[in-house]
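Written below as structure tokens is the structure these notes are about.
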Amino acid sequence: MVGGSLVGGMAASTGGGTAVTGDGDAPDPLVYYGAGDPQDDTKNGVILAFHAKSGEEVWKAEHENNVHQSAPIIVDGSLFVGADRGWDSDNSEPEDGSAFYVLDAETGSITTTWDDDSVEPLVRGGPTVVDDTVYFGTFDGRIFARNTSDLNLNWGFDVEDHEGSTPDVSPNTSHNGVQVVDGSAYVTDTLGTQDGFGKLYSLDADTGDVEWSFDPGENSSMRRYGPLVYDGLVYASADETLYAFDPDDGAVIWEHDGSVQDHPITVDGLLYTTDDRGASTTANDRVVALDAATGEVEWGYTVNNPPRLTVDNGTVYGAGRQIDANGNLYALDAQTGEVLWITEPVDVRNTLEEVLSIRRYTSVPTVHDGLLYTSARANSTDGDETYALAFDAWDGTPEWVYVNDDTPLSGAPTVVADPADGSSVGSRARLGTDGHHHDWTGSDAVTAVVDIDPRAPTIDEQAAFDGSNSFTPADQIDDYEWDFTGDGVTDETGETVEYTFDEWGQHDVTLTVTDSDGDEHARTISITVELPPIAGFENPPQDLDGDGRYRDINGDGEVDISDVRALQQNLDDDVVQNHPAAFNFADTDPPEVTEVDLEALFEQITGGESV
């Protein structure tokens with residue numbers, strides 16, 4: 001038992017679930033997920049912590065309240081998360097009571113809790129912590145600012161009290177997160193479509209007093225996707241419009257027509273979100289990039305349903321809420337919208353055999369240190385399993401899965417590099433989305449961005465490495481230092497460089513940028529250097545199971561008898577003979593490729609039976 005005993009309705013323990021991983025390493029960074037089912041009060045809510053690189057479970061904290069959609073965040077070793085007690089027996093009204101938890105991020109033991117039977121129970125938005133105050137909203141249209149040490153009340157704001165009446169539909173501030181920047185707290189009220197409700201509010205972060213508000217008009221309401229502050233503008237969406245506001249007085253700077261389906265994200269002058277202005281009559285949703293200052297459309301990528309988004313290293317990542325024709329998980333070039341990779345549900349199942357058919361992704365993804373984290377739910381015909389998943393952010397390869405067949409995973413994950421006293425890292429934290437505050441956003445720090453052409457070079461192929469999309473709030477970036485060998489020593493300098501690898505396999509490439517203020521940022525990308533194609537084939541041979549043997553000789557993505565024939569016809573090819581370790585199917589020492597390896601490959605594929 002970790003954390004000792006049941007405290008405040010929550011207990012932490014080790015074990016549970018299954019972690020499927022390639023190497024079993026247990027690095028220090030942890031990734032955290034929340035889970036809960038508000039329509040099934042027989043299941044407890046949980047917070048789970050995993051080793052970020054391997055997926056190995058570290059601890060699991062169970063409690064009586066559901067952590068359904070609240071995204072946990074971590075500040076100085078403390079994990080903050082909202083919860084709810086679900087719905088009544090006929091699922092028509094929420095149960096009374098609300099809950100908010102603070103846990104030790106290293107052990108999972110609870111340190112502080114808050115309950116209030118007078119407040120509607122749903123606390124679903126990610127909390128925001130600024131200095132010694134945590135901000136969050138509840139289902140009945142209240143905003144709370146509470147002390148982080150004991151959760152005592154600093155101030156509260158009630159939408160109905162402020163407006164002086166009760167709307168036909170209850171206001172709701174629970175989903176949206178509170179954005180706190182420069183002494184102001186921004187929050188949206190949703191579902192209140194009656195005139196005078198459904199507003200965006202700017203509150204004094206110290207007192208809760210209203211500084212200004214914006215009403216999108218009768219029969220309209222602000223959306224559940226919370227506001228974002230970036231480079232002197234406040235962004236928030238109503239039913240059919242995305243707005244940019246002046247933070248001083250709420251004046252509208254620009255409008256973008258379209259039903260926005262996700263939090264706006266801003267990086268290096270561009271704003272990314274989803275809307276319903278797709279180019280196809282059968283698929284009218286799209287991922288869209290706007291000029292953050294003017295609202296002009298830079299590019300759009302049409303999809304069958306709006307994904308949840310994050311941005312990292314010049315890449316927009318989308319996790320589909322339903323399986324669509326574009327694939328369920330994809331990466332787009334942040335500047336152009338060009339598709340960099342798509343990972344289909346079948347790709348996940350083929351790589352991680354524990355996964356049933358994925359119906360949809362259930363959380364906003366986050367990216368940290370080359371891995372993308374999200375959660376997914378199985379197809380309803382296959383069972384009730386949900387999954388915590390990690391993918392290689394560079395090429396979409398599934399890395400590990402945690403299979404959870406109990407309480408559904410749904411809250412957006414967060415990563416911390418040092419669980420003892422660290423704070424949330426990763427793209428969601430850095431971008432200020434889902435409740436994270438502006439002090440953590442990428443607009444305040446120099447950021448290295450790496451692009452490679454081609455993205456998967458072959459041996460002896462010259463590749464171009466481009467750091468020109470790196471950015472900084474300072475005047476300029478002065479130094480670009482490239483390490484291609486992983487030894488910490490600079491091999492090349494310059495904004496763009498060229499490099500040729502002479503060994504196949506995984507290679508770590510690190511770009512360190514230093515700006516004119518002397519601040520620096522290093523980004524490491526792990527790329528796979530492939531063998532070149534064998535003569536007569538368009539695609540290079542592939543190691544499909546990761547054991548170091550390239551049995552897919554013809555590179556068609558399958559291992560079958562045609563690969564035996566391909567090796568037989570090209571046994572003396574330079575690619576085969578110059579890289580014997582890749583084709584050492586007979587496991588000889590030292591490796592060499594002969595007829596013996598051909599026979600071994602035949603045995604491995606057919607079991608020795610004639611075909």
Item checked: Counterpart residues, salt bridge (Lys or Arg N to Asp or Glu O under 4.0 Å), relative to R551 (two or more places apart) -> D545, D547
Check: Any side-chain heavy atom of H51 within less than 4.5 Å of one from L30?
Finding: yes
Check: Between S78 and D76, does any side-chain donor sit less than 3.5 Å from a side-chain acceptor?
Finding: no
Item checked: Side chain to side chain, N570 and F537, heavy atoms closer than 4.5 Å -> yes
Checklist line | P306 backbone acceptor or donor facing R286 side chain under 3.5 Å | finding: no
Note to self: Between E492 and T490, is there a side-chain heavy-atom distance shorter than 4.5 Å?
What the structure shows: no
Note to self: Which label fits F465 and F501: parallel for a plane angle under 30°, tilted from 30 to 60°, or perpendicular past 60°?
What the structure shows: perpendicular
Item checked: T510 side chain vs D483 backbone, donor-acceptor pair below 3.5 Å -> no
Margin query: Within the 3.5 Å criterion, strictly below it, is a donor on S526 or Q506 matched to an acceptor on the partner's side chain?
Written below: yes
Note to self: Using side-chain heavy atoms (C-beta onward) and a distance below 4.5 Å, is L567 in contact with L601?
What the structure shows: yes
Next item on the list: Side-chain contact test, heavy atoms from C-beta onward, threshold under 4.5 Å: evaluate it for R523 versus D312 and give yes or no.
Entry: yes
Next item on the list: Ignoring hydrogens and angles, state whether a donor on the side chain of T351 or D347 is under 3.5 Å from an acceptor on the partner side chain.
Entry: no
Check: Does the side chain of I534 come within less than 4.5 Å of N554's, by heavy atoms?
Finding: no
Margin query: Can you confirm whether T472 sits close enough to T447 that some side-chain heavy atom of one is under 4.5 Å from a side-chain heavy atom of the other?
Written below: no
Next item on the list: Please work out which of the three classes, parallel, tilted or perpendicular, describes the rings of W59 and Y32, given edges at 30° and 60°.
Entry: tilted
Check: So W504 and Y550, would you call those rings parallel, tilted or perpendicular, with 30° and 60° as cut-offs?
Finding: perpendicular
Notebook entry, point to check: Counting N and O atoms only, with roles assigned by atom type, does the side chain of N313 sit under 3.5 Å from a partner on the main chain of V450, one being a donor and the other an acceptor?
Noted result: yes
Checklist line | D597 (side chain) donor-acceptor with A586 (main chain) under 3.5 angstrom | finding: yes
Note to self: Checking W482 against T493 for the side-chain contact (heavy atoms from CB on, under 4.5 Å) test, could you report, in this order, the C-alpha distance in whole Å, the side-chain angles of both residues, the deciding distance, and whether it holds?
What the structure shows: CA-CA 6 Å; W482 299 86; T493 61; 5.7 Å; no
Next item on the list: For the pair E56 (side chain) and F50 (backbone), establish whether a donor and an acceptor sit closer than 3.5 Å, ignoring hydrogens and angles.
Entry: no
Check: Side chains of V367 and T310: does their closest heavy-atom pair fall under 4.5 Å?
Finding: yes
